[in-house]
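Below is one structure, written out as structure tokens; comments come after it.
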Number of protein chains: 2
Amino acid sequence: MTSIRDIARVCGISVGTVSKALNGYKDVSKETVRKVNQVARELGYTPDSLARAMRTNTTHNLGVLFIDKQQSGLRHEYFSSVLESFKIGAERRGYDITFITGNVEGSPWRSYLAHCRYRKCDGVLIAGVDFKDQDVIDLANSEIPVVTIDYKYEGQPAVFSANQHDMGALTKYILYRGHRDIAFIHGEDTIVTEQRIAGFEGACREAGVTIPDDYIVEGLFHNPDRSFQATKELLNLGNPPTCILYPDDYSTIGGRNALQMLGLSVPEDISIAGYDGIMMSRVTSPTLTTLRQDSFAIGRKAVDKLIDTIEFPDEDNDEVVTVAGQLYRGGTVGQYQAKE
Amino acid sequence: MTSIRDIARVCGISVGTVSKALNGYKDVSKETVRKVNQVARELGYTPDSLARAMRTNTTHNLGVLFIDKQQSGLRHEYFSSVLESFKIGAERRGYDITFITGNVEGSPWRSYLAHCRYRKCDGVLIAGVDFKDQDVIDLANSEIPVVTIDYKYEGQPAVFSANQHDMGALTKYILYRGHRDIAFIHGEDTIVTEQRIAGFEGACREAGVTIPDDYIVEGLFHNPDRSFQATKELLNLGNPPTCILYPDDYSTIGGRNALQMLGLSVPEDISIAGYDGIMMSRVTSPTLTTLRQDSFAIGRKAVDKLIDTIEFPDEDNDEVVTVAGQLYRGGTVGQYQAKE
DNA sequence: CTCTTTTACGAAAACGTTTTCGGTAAAAGT
DNA sequence: ACTTTTACCGAAAACGTTTTCGTAAAAGAG
């Protein structure tokens, strides 16, 4: 590979001057800059990020920690979508991204933080993980700038989807359609779940509707099997709900299967709604009533916040940005009519 | 950050010995190895991949070039799925991955190859791109080991989905269901398309069925809009087909919308089939008849082949691996019955 | 006891950059 | 004719490793 040294030799000048010429320093003549650039092009020179990073102590490399509990990885459409816009934003600002993994057999690191340090990430996106995991906390408390999605660490910036507000909007819509017996199969015990339950209960309270305890059942994110089971349980109650909310669109699949198995049709016999607004929700028949998260904006805000924190560490970066989603009415929540 | 030097100072030995101790060299006493490891742990030492890479000239970093023409990026479920298994395989063998991009405004590189060189990737996965693009060809012809998916460069290893065979199987199933007037909306002019057309035509020929020219129409991969339009055109023919094949499951959405608009129901009035076997195809009603590509195996074979090429360059690595998919019968191809 | 082999370690170069600190010559000011 | 400024460039250190080569001491062989 051709290095800065080769250019120096051909031009008959020192490596220091070549470096300065390539990086636009002021103390180098117009003429040498021209010459250096020409020779660099002729020799097919590409800089070496490693050497540069070693010297400057910045890699222009962002870590991405992204391990949902269901291990769906990139197959998780909502996260993939967030990641895609994060990636595009990063590229535009000259950063590459690296996936952070923990203790993999045979790797030179033993934790997320060690992996980040090994690769010398300038900053890390943390999303979709167990935020209470000590390894994750260690990373968040380290010297490495961090941005989280849907969780807030003290002193670190965060991006939130407007879970409470949006869930409130979705619930209000369902109430507006006349439903009063609304069940909510929610996800694991996380901030997101707390916020969504708060939004759900807030909207019900506001409408003067009381929800029995056994209508609020714990399911799992991104897990159709669990939704299948939880749906069956709900329908075995003395007074089954007329509408069921699921942790996300993907889990809804399981719920739908359960309903079909029981011979119930949507939305005639029972109504359902998801959350996320993934592609799939738009192509079922009828289309799924859901709340579309603005995954594009979330990824974009996250990467901008992260890079700002990296490049301008002096400014106030302990901030939380909230991104609102959009209600999609779909066709799975019917107008409620009292049974005869 | 604590470096090898710190360990050396604490132990009272030289950095070279520390390095050797940590890397399991034989010419260092049991006792010093123990001491070094202990001190390393106490000081929270993590190696610096940059310095290591600089010296050894290997980064343990794989590039991923992955730009479908429709710019779906990670939102492309089939590719995401391949990538996920590629990534997992890479991690298990101690490699990280970096997305390769071309000419982004403000980046220090101007081409895919330059980006790979800048980041000193040990090898690159090339998939889903325009393989005739000069920038891609330059990369494939470079000093960097490469593996391609669904395309073969001379002298480089490749992984193929069994497109011709699998498309043959899908077509045979449709013929078996009694259809004779089968149209094929195929994707862009690529090897994949060639192979699939070959598989399609081969099966028809074998069954003694002749397909009129205007039944084979050029569509676009991963583009429902184009499928929407092409479907309408097919149904405007004098003798419209009784079954339509699409470039992939995702494009099928457009076709379905067109059929619905025309008041045709699937599979009663007309049959359709997709390709890929993405999640979505399993949740529509009826489920989509399609050919499930084994994305997991494809990603896995690709990464293994690539790393083998990197680590054992002497062996024969100009090889092509073929991965078969699986026919999923679904419910969108009905038994054909002659119209009255 | 002498010679050879083995064991364990250190010194130092190298990887490709960036950046500081001078330094020299020409240009400008007095 | 002197000093001061300006413009341009080079030498060298530094970043954290790996790895070669040399060597001193210990161990083994005769």
Side-chain angles (χ1 to χ4, degrees), chain A residues 1-37 39-40 43-61 94 108-109 114 116-122 143, chain B residues 1-37 39-40 43-61 94 108-109 114 116-122 143:
Chain A
M1 278 295 79
T2 116
S3 83
I4 219 179
R5 254 200 232 337
D6 302 312
I7 301 178
R9 190 160 17 77
V10 172
C11 291
I13 56 178
S14 79
V15 292
T17 308
V18 174
S19 173
K20 284 186 266 189
L22 290 172
N23 293 329
Y25 275 58
K26 303 307 299 174
D27 65 337
V28 46
S29 76
K30 284 288 167 199
E31 175 56 18
T32 20
V33 169
R34 201 193 52 73
K35 190 76 190 295
V36 164
N37 282 321
V39 174
L43 266 50
Y45 169 76
T46 22
D48 181 336
S49 67
L50 303 177
R52 177 176 291 177
M54 181 141 215
R55 180 62 226 249
T56 61
N57 219 27
T58 68
T59 53
H60 280 259
N61 206 5
W109 55 84
C116 291
R117 286 193 179 140
Y118 179 72
R119 289 290 178 190
K120 283 216 171 328
C121 297
D122 289 343
E143 76 284 358
Chain B
M1 279 295 80
T2 117
S3 84
I4 218 180
R5 252 200 231 340
D6 303 314
I7 301 179
R9 189 160 17 78
V10 172
C11 292
I13 57 179
S14 79
V15 292
T17 308
V18 174
S19 174
K20 284 187 267 191
L22 291 171
N23 293 330
Y25 274 58
K26 303 307 299 176
D27 65 337
V28 44
S29 75
K30 285 287 169 202
E31 174 56 20
T32 17
V33 169
R34 199 193 53 71
K35 190 77 192 293
V36 165
N37 282 321
V39 173
L43 267 49
Y45 168 75
T46 21
D48 181 336
S49 67
L50 301 177
R52 177 176 289 177
M54 183 141 212
R55 178 63 225 247
T56 62
N57 220 27
T58 68
T59 53
H60 281 258
N61 206 5
W109 55 85
C116 292
R117 287 197 178 136
Y118 179 71
R119 289 289 177 192
K120 283 215 173 325
C121 296
D122 289 343
E143 75 284 357

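We name chains A, B, ... by the order of the sequence lines, and we start the count at 1 in each one. Because only heavy atoms are used, hydrogens play no part in the values below, and waters and symmetry mates are left out as well, while side chains stay in.
- For A:Val39, the side-chain contact (heavy atoms from CB on, under 4.5 Å) partners are A:Ile7, A:Val10, A:Cys11, A:Lys35, A:Leu43, not counting sequence neighbours.
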Could you pull out all donor-acceptor pairs under 3.5 Å where a side-chain atom in residues 21-30 of chain A meets a protein atom, sequence neighbours excluded?
residue : atom : partner : partner atom : Å
A:Asn23 : ND2  : A:Ser19 : O            : 3.3
A:Ser29 : OG   : A:Thr32 : N            : 3.2
A:Ser29 : OG   : A:Thr32 : OG1          : 2.5

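- Taken residue by residue, residues 30-37 of chain A places heavy atoms nearer than 4.0 Å to DNA chain D at A:Thr32.
- Position along DNA chain D of the nearest nucleotide to A:Ser14 versus B:Arg55 favours A:Ser14 as the more 5'-ward residue.
- For the segment residues 17-28 of chain A, the set of residues with a heavy atom within less than 4.0 Å of an atom of DNA chain D comprises A:Thr17, A:Lys20, A:Asp27, A:Val28, in numerical order.
- The side-chain hydrogen bond (donor to acceptor under 3.5 Å, both in side chains) test applied to A:Thr2 returns no partner, not counting sequence neighbours.
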Quiz item: Does the side-chain contact (heavy atoms from CB on, under 4.5 Å) test come out yes or no for A:Val18 and A:Arg5, once each step is laid out?
Solution: CA-CA 8 Å; A:Val18 174; A:Arg5 254 200 232 337; over 6 Å; no
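- Take A:Tyr118 and apply the ring-ring contact (aromatic ring centres under 6.0 Å, His included) test, not counting sequence neighbours, and it matches A:Trp109.
- Evaluation of the side-chain hydrogen bond (donor to acceptor under 3.5 Å, both in side chains) rule for A:Thr59 yields A:Asp122 as partners, not counting sequence neighbours.
- Applying the side-chain hydrogen bond (donor to acceptor under 3.5 Å, both in side chains) criterion to B:Asp6, with sequence neighbours excluded, gives B:Arg9.
- Partners of B:Thr46 according to the side-chain contact (heavy atoms from CB on, under 4.5 Å) rule, which considers only residues two or more places apart in sequence or in another chain, are A:Ala114, A:Arg117.
- With a heavy-atom cut-off of 4.0 Å to chain B, the contacted part of DNA chain D has its first and last nucleotide at D:dG16 to D:dT20.
- A:Ile13 comes within 4.0 angstrom of the backbone, heavy atoms only, and of no base.
- Residues satisfying the side-chain contact (heavy atoms from CB on, under 4.5 Å) test with B:Ser14, not counting sequence neighbours, are B:Thr17.
- With sequence neighbours excluded, the residues forming a side-chain contact (heavy atoms from CB on, under 4.5 Å) with B:Arg34 are B:Glu31, B:Gln38, listed by chain and number.
- In terms of position on DNA chain D, the residue among A:Gly12 and A:Asn57 whose nearest nucleotide sits closer to the 5' end is A:Gly12.
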